[in-house]
There are 2 protein chains.
Amino acid sequence: MTSKSSIPKGTRDFGPEVMARRNYILDTIKQVFRLFGYQPIETPAMENLSTLLGKYGEEGDKLLFRILNSGDFLQNVDLSSVNGVSDLLPHITEKGLRYDLTVPFARFVVQNRNELPFPFRRYQIQPVWRADRPQKGRYREFYQCDADVVGSDSLLNEAELVQMVDMVFSRLGIKVVVKINNRKILAGLAAAIGQPERLTDITMAIDKLDKIGIEKVNEELAERGLPEQAIQALQPVLFTKGDAYAKLESLKKIIGHIEEGTKGIEEMTILLKYLANSKLSLQLEFDLTLARGLNYYTGAIFEVKALDAAIGSICGGGRYDNLTGVFGMPGMSGVGISFGADRIYDVMNELELFPATSADTTHVLFLNFGPDEEQYCLPKVSQLRQLGVNTEIYPSAEKLKKQMRYADQKNIPLVVMAGESEMAGNSFTLKDMKQGGQQTLPSASLAKAIHELLQAK
Amino acid sequence: MTSKSSIPKGTRDFGPEVMARRNYILDTIKQVFRLFGYQPIETPAMENLSTLLGKYGEEGDKLLFRILNSGDFLQNVDLSSVNGVSDLLPHITEKGLRYDLTVPFARFVVQNRNELPFPFRRYQIQPVWRADRPQKGRYREFYQCDADVVGSDSLLNEAELVQMVDMVFSRLGIKVVVKINNRKILAGLAAAIGQPERLTDITMAIDKLDKIGIEKVNEELAERGLPEQAIQALQPVLFTKGDAYAKLESLKKIIGHIEEGTKGIEEMTILLKYLANSKLSLQLEFDLTLARGLNYYTGAIFEVKALDAAIGSICGGGRYDNLTGVFGMPGMSGVGISFGADRIYDVMNELELFPATSADTTHVLFLNFGPDEEQYCLPKVSQLRQLGVNTEIYPSAEKLKKQMRYADQKNIPLVVMAGESEMAGNSFTLKDMKQGGQQTLPSASLAKAIHELLQAK
């Protein structure tokens, strides 16, 4: 029987070219994570449903991929009493694929609370799965790339996360703006306009200020049932201009009498002071309309956007006060960020920021002209590998055209040839596939010439 | 509601310490793969059941983790006609988690046949899932780590795979023996003793020679129905001694008249010649009793064992002639190896081969004595990070004991302290956590001192 070769919708294969680029991004991020003392953990793809259910809202529960139990799972099920999926589920599935990295991380922290060093800094780069309707840019399997520190409420952690964002995007060559806000300031605002219970309504509307403009925001606030007076009271805030310090001064006038608001202003002031001393390359913007993940975050909120590409947020995060409470370990404050690997990939593609060769690609191909030539080349091939050059020799003496096509297809920048004349002269001919030039070199000079050409690429 | 924090049986969390060690192994292997021109691919965790079913035998089908369909999957099912699991399955599941990396690789090659450069060399390091009964050393989720080249029948590929094995284990510091054999030689033997149809019976018995000895092997051959005469004819082979060339000479006498056997001897001779010129550090052994994965391999067979640890095979592979045939693309010959990451981990643990610090671990912790001291330290922390040193500063001025305990728990080798006197002298005190000594250094000398201490570790 011949099987059709296809993959489930919403999933992807990553071939060598895409992998080299993805790894370039992820390796850069990992390196920065480690420079700041964040260390990797991995959790299983499958979690018990009791760990996952109820953590992502009703909609999230529906989007979990569930694993069918093994063996004869219908043995004790009376099918005549089953009236639908929800009757059957408890009997046939007790595990699901992880939906994000945050809940497994919380579960991990609680399960290993006695062994872990606190403050615990971890990074985690693993795929997650969601049974969402697939569409452009939305997949059923995708990588998340998170760094979090739990067990410390020092704002130095927030500052270092922004420094990490700065270092990652500097190294990748992407110019970014980091927008920061603080939930406590938003809560102070809601209280100051007499609508402390309407925090979510208010922020959901003003979150759209960039997209729909002030008038539509005001309309939406009215639709959400905010009294005209409250909407008017909010206007100065929406129009607050100037740098972060100027904004904080105007805010003090509006929310300075609200305890939570004052705390938010204090936190923002400390964070800005840390960042002012950090020699950041990125643009920093205190954006009062940033309300990302508000139901979740309790302090700082971050969002990163690329300046030269019209794409949404490529990184975001914030502080949360009770990550592990749901697993029976309350009062563990944490702060974290998540890099959007797929979107960063798209930005780098659009701006052509990927290097031509990377650690993953083959640097040199030796052509194969026959058994004697092969034997002449093999020690040189080994030597280059020992020197750290990714090197291949074509495994058989196929037609030259076929071998050159292989070099082209694999995008190999350098090709080495050795026929009778090279063998007689103890030399090799080195061809630059991009520039087109070629030179015949003494055997002893080949490695150095290759090294120099690769450095220049 | 508080959720219990536990993970499904047979799965594992990997904490930072274990991850650092696993990454040390996997990074070493990846680096070698790339030096030989193998490039990474990744395939989705979920495959269509039509891709997976029937590829691993009946037992394998049972061990697949199946994914429940989403939505109202019972809508069109008449439950009254369902008499057991097998009636229900087709209605409720059409995807499964990958069981190995070989079948997804074959599917990938066929699906992308028109874009891939052939010979196609890929490596793939991803988890696989099997609903096996968990036991010591056997998990339901574990990583496979494969390198394969398809579309070339040159024996240079086999030789390079052995070179890769040699380079990987040299770099890891594990002394190994590589056993090699060839299925064509075994087939020649079966034919020579008049039992060409009994190849599997013969090899399954002689595969155990190391474990159970010659007498038990002969008993088993008899039990499997081999005539006494055939068993006697086999004895000279089982006792064949000497180096690989001597063995090939004796074999020629026994199977030289069998076409397939002669082909096997030729292949082995060419491979041995390649390897003789390869300056290998490993021990090489032509082992006629090696029959690993025989139903699968059609040419060379490899198996790698650690010399100083009593553990089974830590790496294995071989050539197969028809990997992609089942997906409608016949005649694609390939050869590959698979590294057993879990077992290599156990060997390295047992022999204490892991380095004390690695790319994943924090190298330096700055203690935090208060706001002024923190501000004094922060530029130095940044500088070290820019120089590639993984550096943390404790995020708040906790008690010294607590901060030191954190350094201990995280196994951080160097601690930097700066109090009033260091600040006054523009200096830092550097403490070596392993050796116990400490020195106070001018600020300008700190990075160099740290670099030297880390180099020595």
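Quick note on labels: first sequence line is chain A, next is B, and so on, each numbered from 1. Because only heavy atoms are used, hydrogens play no part in the values below, and waters and symmetry mates are left out as well, while side chains stay in.
- Top candidate by heavy-atom pairs under 4.5 Å with chain A, chosen from B:Ala131, B:Ser70, B:Pro8, is B:Pro8.
- Proximity of a side-chain donor or acceptor of B:Glu141 to a complementary backbone N or O of A:Met46 within less than 3.5 Å is not detected.
- Surrounding CZ of B:Arg171 are more than 12 heavy atoms belonging to other residues, nucleotides or ligands, all under 6.0 Å away.
- Taking B:Ile412, B:Thr11, B:Val85 one by one and counting their heavy-atom pairs under 4.5 Å with chain A, the maximum is reached by B:Val85.
- Listed here is the closest heavy atom pair of A:Arg385 and B:Phe36: NH1-CE2, 2.8 Å.
- Proximity to chain A is absent for every atom of B:Lys62, based on heavy atoms less than 4.5 angstrom apart.
- How far CG of B:Leu97 is from CD1 of A:Ile67: 4.5 Å, rounded to the nearest 0.5 Å.
- Only the side chain of B:Ser152 comes within contact range of chain A, with at least one heavy atom under 4.5 Å from a heavy atom of that chain.
- Neither the backbone nor the side chain of B:Glu17 comes within contact range of chain A; no heavy atom of the residue lies under 4.5 Å from a heavy atom of that chain.
- Contact count against chain B (heavy-atom pairs under 4.5 Å) is highest for A:Asn48 among A:Val77, A:Thr391, A:Thr43, A:Asn48.
- Under a 3.5 Å cut-off, the side chain of A:Arg66 and the backbone N or O of B:Leu68 do not form any donor-acceptor pair.
- Note: A:Pro117 leads A:Gly84, A:Ala407, A:Ser382, A:Pro117 in heavy-atom pairs under 4.5 Å with chain B.
- For a residue to count as touching a neighbouring chain, one of its non-hydrogen atoms must lie under 4.5 Å from one of that chain's; by this rule B:Val389 touches chain A with the backbone only.
- Note on A:Asp153, A:Thr93, A:Leu79: by heavy-atom pairs under 4.5 Å with chain B, the leading option is A:Leu79.
- Contacts between B:Asn112 and chain A at a heavy-atom distance below 4.5 Å involve the side chain alone, from C-beta outward.
- The pair A:Arg22-B:Glu42 does not meet the salt-bridge criterion, since no charged nitrogen lies less than 4.0 angstrom from a carboxylate oxygen.
- With respect to chain B, the highest number of heavy-atom pairs below 4.5 Å among A:Lys95, A:His363, A:Gln163, A:Gln31 belongs to A:Lys95.
- Neither the backbone nor the side chain of A:Leu365 has a heavy atom closer than 4.5 Å to any heavy atom of chain B.
- Between chain A and the options B:Gly71, B:Ser86, B:Gly54, B:Ala359, the largest number of non-hydrogen pairs under 4.5 Å is found for B:Ala359.
- Heavy atoms closer than 4.5 Å to chain A are found in the side chain of B:Gln375, but not in its backbone.
- Taking chain B as the reference chain and counting heavy-atom pairs below 4.5 Å, the highest number among A:Arg405, A:Glu160, A:Glu94 is found for A:Glu160.
- Of all the listed residues (B:Met19, B:Arg140, B:Lys30, B:Arg34), the one sharing the greatest number of non-hydrogen pairs under 4.5 Å with chain A is B:Arg34.
- The salt bridge (charged side-chain N to carboxylate O under 4.0 Å, His left out) check on A:Arg130 picks up nothing, with sequence neighbours excluded.
- Closest non-hydrogen pair, B:Ala45 versus A:Trp129, comes out as CB-CZ2, 3.5 Å.
- Heavy-atom distances place no part of B:Leu384 under 4.5 Å from chain A, backbone and side chain included.
- For a residue to count as touching a neighbouring chain, one of its non-hydrogen atoms must lie under 4.5 Å from one of that chain's; by this rule A:Leu155 does not touch chain B.
- Put simply, the side chain of B:Ile92 reaches to within 4.5 Å of the side chain of A:Ile92, judged on heavy atoms.
- When heavy atoms are compared at a cutoff of 4.5 Å, B:Asn23 approaches chain A solely by way of its side chain, counted from C-beta outward.
- Counting only heavy atoms from C-beta outward, the side chains of B:Phe14 and A:Pro40 never approach each other to under 4.5 Å.
- Residue A:Glu398: no heavy atom, backbone or side chain, is found under 4.5 Å from chain B.
- Of the atoms belonging to B:Leu378, it is side-chain heavy atoms, and not backbone ones, that fall under 4.5 Å from chain A.
- The closest donor-acceptor contact from the side chain of A:Lys410 to the backbone of B:Gly37 lies under 3.5 Å.
- Taking both residues in full, the closest heavy atoms of B:Asp13 and A:Pro44 are given as OD1-CD, 3.2 Å, listed atom of the first, atom of the second, then distance.
- In this structure, the portions of B:Pro119 lying under 4.5 Å from any heavy atom of chain A include both its backbone and its side chain.
- Heavy-atom distances place no part of B:Phe33 under 4.5 Å from chain A, backbone and side chain included.
- Contacts of B:Leu35 with chain A are made by both backbone and side-chain atoms, with heavy-atom separations under 4.5 Å.
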Intermediate values then yes/no, side chain to side chain contact (heavy atoms under 4.5 Å, CB included), A:Gln409 and B:Phe120: CA-CA 11 Å; A:Gln409 276 192 290; B:Phe120 181 57; over 6 Å; no
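- Heavy-atom pairs under 4.5 Å with chain A were tallied for B:Thr362, B:Thr361, B:Asp360; the largest tally goes to B:Asp360.
- Heavy atoms only, all atoms of each residue included: B:Tyr406 and A:Arg121 are closest at OH-CD, 3.9 Å.
- For chain A, no part of B:Gln75 is nearby; none of its heavy atoms comes within less than 4.5 Å.
- Residues B:Phe108 and A:Ser5 form no side-chain contact, since every pair of their non-hydrogen atoms from C-beta on lies 4.5 Å or further apart.
- Looking at every heavy atom in both residues, A:Ser154 comes nearest to B:Pro395 through OG-O, 2.6 Å.
- The contact between B:Asn277 and chain A is made entirely by side chain atoms (from C-beta outward), counting heavy-atom distances below 4.5 Å.
- You'll find the side chain of A:Leu74 stays beyond 4.5 Å of the side chain of B:Asp87, heavy atoms only.
- Listed here is the closest heavy atom pair of B:Leu89 and A:Phe73: CD2-CZ, 4.1 Å.
- Annotation: side chain of B:Ile41 is in contact with side chain of A:Pro16 (closest heavy-atom distance under 4.5 Å).
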